[in-house]
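Contents: one structure, followed by commentary.
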Amino acid sequence: MNVRNRLTDGRAVVAARDADDTPDTTEIRRLAAAAGYDVVGELTQRRAEDRRYNLGAGKARDLADVVADADADAVVFDGELSPGQYADLLTLLPAGTTLVDRYRLVLEIFVAGAGSTAARTQAELATLRYELPRLERAEGESALNRAFFEKGSPVLDAERRIDALEAKLDGITDAAADRRERRRAEGFDLVALAGYTNAGKSTLLRRLADDMAVAPPSAEGHADLAEAATAEDRLFETLETTTRRATLDGRRVLCTDTVGLVADLPHDLVRSFSATLDEIAAADAVLAVVDASADEDRLRRRLETTVEVLAADATGPVIPVVNKVDRLDDDGRAAALAAVADVLAGGDVDTREPVAVSALDGAGLDRLRSALVDALPGATASFAVPNSGAAQAFLSWLHEHGDADATYGADAVAVEFAGKPSVVEEARRRADALGDACGE
């Protein structure tokens, strides 16, 4: 693999091109810093894409001069370079220069930060899928000469490794799906936190969770019951899903913080991180977290990226969470809420009314909890069961799986119960069985 480990002293020049506007390099600089680069130079161009270099030929030569003058060892390109553009641009740069496009840069961050087996598997798979067309170009392989490379071909080795990783990942995701179903059967609602990287999802997770610890989660215990989550003001702080327990108005909830999204990435890279998408698809409700402190153009672009993923994967209702409103005055808060509502208007996602919060200081969290409870699927039932030892065990089960209110009489216990529809149905079955057993 040509994707390196995280550097601590890499010196990079940032390059960007935009057909319509002067490129904004704020985010690519932050991404470069997250990957360990020290940005020591910049070159931008406003023009249509050049088929050979992406930049125009003159600007591409200027880029080589900037790299040499800055004594840089890398170029970070804000966009996707085709295999041909990558190879041609690299020939212009000083010998030994590393060329990294936006896609590859994000891969570097994920490769360096992947911790769990699932995250490492997905990072390696995405890397191989990225490298494969570049290996094919380098090898000059075609349908006519493919047999010549049958043994020891880097392309064939990569293809075999991709097949093996896909099979491995299928097993991992199947296990995660089984775990989610067990949690559902135990009465948990599933909530996913989705959104652009650095929107504040990890801090919001800590606010919603029963345990407010901030230390990294222990490697011991259930993978979906971690009792801590990190939260830092940097891109891609969360590189794998983290789940914590929360209690909302008597409902037992598992809230999962998912990998942050980034704009302008090829679709197959986004799909490679299936664990995040699976959590979104399986969730009973999704909190779409938005950084309200971003300027309006960035806010809109980032929310559009989030909505694109949610439209393809979310099956439950989506609550837009307009976070970081502590950084805004009243007018700024109203403008952010209006921009969010405008982006979401007429979309294919089942969205609810946006909720303004500050995960940092807790403002608006009570309203968000209420909105989340309202969005979760629910059902109610009334039971009258014999007042017996078996009834006490039944009531304990109800309290563990939902919200139960019991009124005791001399011979019977009247119960009002609310919870997930599947749990309420199971409660009815148990109540009927309890009545039948006592009747015998």
Side-chain angles (χ1 to χ4, degrees), residues 115-116 118-119 172-195 200-231 238-260 273-289 310 313-319 321 352 359 365 368-379 397-403 418-424 426-427:
S116 69
I172 293 172
T173 54
D174 287 347
D178 291 343
R179 187 169 63 246
R180 284 192 295 266
E181 288 309 307
R182 289 198 302 273
R183 296 307 179 197
R184 285 186 190 279
E186 293 168 2
F188 285 100
D189 293 289
L190 306 182
V191 173
L193 282 70
K201 298 186 302 299
S202 296
T203 304
L204 181 61
L205 176 67
R206 292 191 293 115
R207 285 293 182 187
L208 293 173
D210 293 335
D211 186 337
M212 296 296 291
V214 296
S218 168
E220 300 176 356
H222 293 292
D224 63 347
L225 297 178
E227 294 187 352
T230 58
T238 302
L239 290 176
E240 48 200 272
T241 57
T242 301
T243 302
R244 299 181 64 198
R245 289 180 288 189
T247 304
L248 305 175
D249 195 22
R251 299 282 290 261
R252 298 195 309 161
V253 176
L254 292 180
C255 295
T256 298
D257 182 12
T258 62
V259 176
F273 293 91
S274 58
T276 279
L277 303 180
D278 288 348
E279 294 291 349
I280 292 172
D284 297 303
V286 177
L287 300 181
V289 187
L310 295 180
D313 293 281
T315 57
V318 175
I319 301 174
V321 182
R352 306 299 168 88
L365 264 294
L368 176 60
R369 291 186 182 97
S370 296
L372 182 52
V373 170
D374 290 342
L376 291 172
W397 183 90
L398 292 177
H399 285 297
E400 290 174 357
H401 291 80
D403 186 20
K420 292 171 59 68
S422 59
V423 173
V424 171
E426 174 63 14

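When reading the values below, keep in mind they use all heavy atoms of this one structure, side chains included, and skip hydrogens, waters and symmetry mates. Residue numbers run from 1 in the order of the sequence given.
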Quick check: closest heavy atoms across G200 and A359, and the distance to 0.1 Å?
O-CB, 4.4 Å

Do side-chain atoms of T315 reach the backbone of A281 as a donor and acceptor pair under 3.5 angstrom?
yes

Nearest heavy-atom approach of A375 to P317 is O-CG, 3.4 Å

Nearest 0.5 angstrom please: C255 SG to K201 NZ, how far?
14.0 Å

Rounded distance [0.5 Å steps], CZ in R251 versus CZ in F188:
12.5 Å

Work out which heavy atom in A246 is nearest to a heavy atom in A209; give both atom names and the distance.
CB-CA, 4.0 Å

To the nearest 0.5 Å, tell me how far D313 CG sits from E279 CD.
12.0 Å

Taking the side chain from R245 and the backbone from R252, do they hold a donor-acceptor pair closer than 3.5 Å?
no

So which atom in P377 and which in P421 form the shortest heavy-atom distance, rounded to 0.1 Å?
O-CD, 3.6 Å

Interatomic distance, CG@L193 vs OG1@T258, rounded to 0.5 Å, equals 7.0 Å

For the backbone of T247 and the side chain of D210, can you confirm whether one donor and one acceptor N or O come within less than 3.5 Å of each other?
yes

Checking V253, L287, V191 against L208 for side-chain contact (heavy atoms from CB on, under 4.5 Å), the one that qualifies is L287

Can you measure from CG (L368) to CZ (R207) and round to the nearest 0.5 angstrom?
12.5 Å

Could you give the distance from CG (D403) to CG (L398), rounded to the nearest 0.5 Å?
10.0 Å

Could you report the tightest heavy-atom contact between L372 and I319, atom names first, then the distance?
CA-CD1, 3.6 Å

Derivation and outcome, side chain to side chain contact (heavy atoms under 4.5 Å, CB included), residues L204 and L365
CA-CA 9 Å; L204 181 61; L365 264 294; 3.8 Å; yes

Is K420 paired with D189 through a side-chain N to carboxylate O contact shorter than 4.0 Å?
yes

Side chain to side chain contact (heavy atoms under 4.5 Å, CB included) between L310 and I280, worked out
CA-CA 8 Å; L310 295 180; I280 292 172; 3.8 Å; yes

